[in-house]
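As structure tokens, the structure follows; a few thoughts come after it.
Source: prediction; values computed, not measured.
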Amino acid sequence: MTHIAPRRKRRQWGTEKPRPPLPSVHERPSMRKLILARAAIWLTVVMWACYVLSVTMTLFLSGVIDTAWRVVEGLSYVLVVSALTFSALMYLVSRLGAYQRFREHQRASRADLDRHFTVEHKPLTVLVPSYAEETSVVRKTLWSAALQEYPAIRVVLLIDDKPEPADPVVAARLEATRAVPGEIEAALRGPAERVRGALGRFDTAGGLLSGRGESRSLSRSGATYRSDVNLGRFDTAGGLLSERLVEFVAEEYRFAVRVLRGAAATEPREDHVDDFFVEEVLIGLAEDLETTASALEAALAEGACIPQERLRELLERLVRIFSAEVTFFERKRYASLSHEANKAMNLNSYMGLLGGRFVEQCTEDGLMLLPAPSGVEADLEVPYSDYVLTLDADSVLLRDYCLRLVHFLEQPEHASVAVVQTPYSSFRGAPTRIERLAGATTDVQHILHQGMTQYNATFWVGANAVIRMEALDDILEIDTDNGFEVRRYVQDRTVIEDTESSVDLAVHGWSLVNYPERLSYSATPPDWGSLVVQRRRWANGGLLIMPKLWRRMRDARRAHKPLTLGEITQRVNYMASIAWASFGLIFLLAYPYDSRLVSPFILIGALPYFLAMASDLRYSGYKRSDIFRIYGFNLILLPVNLAGVLKSMQQGLTGRKIPFARTPKVKDRTSSPMLYIIAPLVIIIYSVLVAWRSWYDGSWWTLGFSAFNAVCGTWAFLSNIGVRPAVVDVWIGLTDWMWVDIAKPEADASDGVDASDVDVPDWRVALREGHPAPGTPEAAAVAELARAGFPVRRGVSDDFATETVKNV
């Protein structure tokens, strides 16, 4: 049969060619780079002070601004400029902290890691929350977690889809997703049995060599498996057997290399994410093991002596690689667990089960998951885990992620660290311009998050993190919903649950750390519609968390351990800068300020920020000129950020939660709401009008600013949104109201019954209460529907009520 390669997505003009990711370890910054980073900070501060002083002396004190309204106008302009300068200053301070950390970082050696994890270790559970994900996306994430070199690892896919979808396409995708964990375990079973058996044989031979005569095997299986190298008759003198042990271990490594390369050869490669998975996860691990095998063979050729303990550590590494347990869990199968539609409650529902034994019980309210009484066989046993790794379903881990991060947590000096993570990087070689720019901003943010750790201002970034359960127990809140206990380890009050949890952990005395390496990668939105969903969610919630930070500062002062200025300013900027930057830019763009308020000091003060970002883009493998593309990119994102901020304010005023909107991860384009097509056009057109008016008024600074915005915004709109997709999305927005959903059946109008308006009793109520009492609206509805020929049906829902009736 001829194999037909899958068709790859067509690449847009202006994207980068496929390229390998940057090294895991950051390049060590030079002393020159550190000096320039400090100089940029001081130049920004000095230029801001000069601007404020010049405006005060030349306009306010000289009497040029002589009316109350002009005073308010001048003060508001200075306030906006100061807020934007503060955000730029925090950027410069963060990157300086990152460079200091990169310069001081000492990476643990492979031998140290192998030695540390040779002894029995605390278990780790990887939780992968998933909702409506493409099966191929989930599969890569689970494989990257399953191949982690951790001694006792359990990978759990938390499927949050409706358990029994009516759409056959959705049902087929769900079944395929459910099958992925079993497929991974089946693929690992053969190699796992082989290397466990090899470890047992090694221990037997090593015991005779050392004169102990007994095995100290940690193998999980007592069976002996065939190896390509026969240890033969044991030579207790040691010489011959020592050589054979080295050869034996080298051959086991060659076997593992063949397994991984074979898997890589059969892996489909449809896009740049598939390329990354094959090259960096499968082949990368194979090359790592191949290097070890070659080193063993070279040592054997030289007649060098390798300690038996080191050889055993190398075999245990293979056992760790192939011994993961992979399974899945669906909380929405059980009426006793929370069904709130957000990632936080998906995680909380499973974390609340850790260490428990449960039985399934079918009741009139649905399937329940209840604690198993003592002596009763459990339907579900969830092992306890000292560490939990939360991993988004579109993220991929490099092979030593768990090993290095847990090794970091278990150092005595890090006993108070609750969360350690590596802020994710982007997959390189994106086929669309918008995905490339979103990836560029992600990689720059990676540097800033690393710098925030320097000031003890780390925030948990939810894509990946290793967390101590002990710390989660400290921030646990227990509520009751419909008589069932609901455990909240991670707050779901806002849609940025990781940010709020970071403050909660800090309140309880725990710290968070960004490990200074690139060990995790995550997908960035490939089109405007999905980017709108993601960035609107990111902009929502920061203001709501600010009161917790104030309480944290107050409590620290009372305990005579006040927070440092660096921590306070970094945390405030992280949570609130989107709000003041969005409103500030709107004022600068829309309000006709007096041109005399504009000063060269503003431009000179902004230069360090833009030059620093251009340098960081180059440091991250992009072009320095991308700074202009990112400026336009952020300009057309302004309405999206503003919408997220307004949603936060709405929640603060009403007290009602904002629905959690997951970022779509589909191969087709995601349609954008019409507002986010029209609003960028309004910004561009208005900038052109202001520039045209400034030309005639002779306001040259305003002319330059408006013209620059118009050019960058136009380029960003055309290259990232596109004319054709914009027209399609606007047309959908204008005509969507014309379409009627025909999924729900309607009764014949002549019968006077509208099925969509009838409140039919739930089948659970019918089982508990019986037939509706005569004369009640429910009884009348049931009788009238029966006369109309509509059999009454009720179904179990995901998040919304299912159809009330069904037309035969």
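With respect to Asp473 and Arg487, no salt bridge is recorded, no charged nitrogen being found less than 4.0 Å from a carboxylate O. Ion pairing between a basic and an acidic side chain is recognised when a charged N comes within 4.0 Å of a carboxylate O; Asp498 and Lys343 show no such pairing. Residues Arg571 and Glu567 are paired through a salt bridge, judged by an N-O separation under 4.0 Å between the basic side chain and the carboxylate. Looking at Glu330 and Arg178, a side-chain N of the basic residue comes within less than 4.0 Å of a carboxylate O on the acidic one, giving a salt bridge. Checked for salt-bridge contact, Arg254 and Glu290 meet the test: a charged N lies under 4.0 Å from a carboxylate O. Asp274 and Lys140 are joined by a salt bridge, as a carboxylate oxygen and a charged side-chain nitrogen come within less than 4.0 angstrom of each other. Checked for salt-bridge contact, Arg110 and Glu149 meet the test: a charged N lies under 4.0 Å from a carboxylate O. Under 4.0 Å is where a charged nitrogen must lie from a carboxylate oxygen, and between Arg28 and Glu104 no such pair does. Under 4.0 Å is where a charged nitrogen must lie from a carboxylate oxygen, and between Arg317 and Asp288 at least one such pair does. Taking the charged nitrogens against the carboxylate oxygens, Arg194 and Glu252 do have a contact shorter than 4.0 Å, which makes a salt bridge. Between Glu251 and Arg244, no side-chain nitrogen of the basic residue sits less than 4.0 Å from a carboxylate oxygen of the acidic one, so the salt-bridge criterion is not met.
Remark: the Asp443 side chain and the Tyr622 side chain contain an N/O donor-acceptor pair separated by less than 3.5 Å. Between the side chains of Asp504 and Ser501, not a single donor N or O lies within less than 3.5 Å of an accepting N or O. Of the N and O atoms on the side chains of Thr453 and Thr458, at least one donor lies less than 3.5 Å from an acceptor on the other residue. Remark: the His121 side chain and the Glu410 side chain contain an N/O donor-acceptor pair separated by less than 3.5 Å. Looking at Ser520 and Thr422, their side chains do bring a donor and an acceptor atom within 3.5 Å of each other. Side-chain atoms of Thr135 and Thr177 form a donor-acceptor pair, as typed in the model, at a separation below 3.5 Å.
Of the listed residues (Leu289, Thr292, Leu285, Thr291), just one forms a side-chain contact (heavy atoms from CB on, under 4.5 Å) with Val257, and that residue is Leu289.
A 6.0 Å sphere centred on CZ of Arg618 holds no more than 12 heavy atoms belonging to other residues, nucleotides or ligands. The environment of CD in Glu470 is sparse: at most 12 heavy-atom neighbours from other residues, nucleotides or ligands sit within 6.0 Å. Atom CD of Glu287 has more than 12 heavy atoms from other residues, nucleotides or ligands within 6.0 Å.
Leu158 has its side chain out of reach of Asp160: every pair of non-hydrogen atoms, C-beta onward, lies at least 4.5 Å apart. At least one side-chain heavy atom of Tyr253 sits less than 4.5 Å from a side-chain heavy atom of Leu314. Put simply, the side chain of Ile283 reaches to within 4.5 Å of the side chain of Val278, judged on heavy atoms.
Between Leu405 and Leu519, the closest heavy-atom pair is CD1-CD1, 4.0 Å. Between Glu297 and Ala250, the closest heavy-atom pair is CG-CB, 4.1 Å. Among all heavy-atom pairs drawn from Ala393 and Pro129, the shortest one is CB-O, 3.5 Å. The two atoms that bring Leu282 and Leu260 nearest to each other are O-CB, 4.0 Å, heavy atoms only. Smallest separation of non-hydrogen atoms from Met469 and Ser385: CG-O, 3.0 Å. Nearest heavy atoms, Thr141 versus Ser144: O-OG, 2.8 Å.
Ring orientation note: the planes of Phe117 and His407 are tilted relative to one another, at an angle of 30° to 60°. Taking the six-membered ring where tryptophan is involved, the planes of Phe202 and Phe248 are essentially parallel, since the angle between them stays under 30° and well short of 60°. In this structure, Phe459 and Tyr574 have parallel ring planes: the angle between them is below the 30° cut-off, well short of the 60° mark.
From Leu34, atom CG reaches atom OH of Tyr99 across 9.0 Å, with rounding to the nearest 0.5 Å. Rounding to the nearest 0.5 Å gives a distance of 5.0 Å between CG of Leu113 and CG of Leu403. The structure places CD1 of Ile153 at 9.5 Å from CG of Leu147, a figure rounded to the nearest 0.5 Å. Within the model, atoms CG of Leu245 and CD1 of Ile306 stand 10.5 Å from one another, a figure rounded to the nearest 0.5 Å. How far CZ of Arg331 is from CG of Asn346: 4.5 Å, rounded to the nearest 0.5 Å. Taking OG of Ser416 as the reference point, atom CG of Leu505 lies at 11.5 Å (rounded to 0.5 Å).
Residues satisfying the ring-ring contact (aromatic ring centres under 6.0 Å, His included) test with His26, not counting sequence neighbours, are Phe102, His446.
Under the 6.0 Å cut-off for aromatic ring centres, Tyr521 and Tyr424 do not qualify, their centroids lying 6.0 Å or more apart.
The closest donor-acceptor contact from the side chain of Gln450 to the backbone of Tyr515 lies under 3.5 Å. Asn342 contributes a side-chain N or O that, together with a main-chain N or O of Met345, makes up a donor-acceptor pair within less than 3.5 Å. Judged by distance alone, with hydrogens and angles left aside, the side-chain atoms of Asn514 form no donor-acceptor pair with the main-chain N or O of Gly451 at under 3.5 Å. Of the possible donor and acceptor atoms, one in the side chain of Asn348 sits under 3.5 Å from a partner among the backbone N and O of Val490. Formation of a donor-acceptor pair under 3.5 Å by the Arg103 side chain with backbone atoms of Pro29 is found in this model. Judged purely by atom type and a 3.5 angstrom limit, Arg95 has no side-chain atom pairing as donor or acceptor with the backbone of Ala37. In this structure, Arg357 contributes its side chain and Leu380 its backbone to no donor-acceptor pair below 3.5 Å.
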Worked check of salt bridge (charged side-chain N to carboxylate O under 4.0 Å, His left out) between Arg107 and Asp400:
CA-CA 12 Å; Arg107 198 178 206 222; Asp400 49 355; 3.4 Å; yes
Evaluate Arg310 against Glu313 for salt bridge (charged side-chain N to carboxylate O under 4.0 Å, His left out), listing each step before the verdict.
CA-CA 5 Å; Arg310 180 58 182 149; Glu313 289 171 1; 3.1 Å; yes
Go through the steps for Arg269 and Glu279 under the test salt bridge (charged side-chain N to carboxylate O under 4.0 Å, His left out), then give the verdict.
CA-CA 10 Å; Arg269 302 177 68 158; Glu279 297 292 337; 2.9 Å; yes
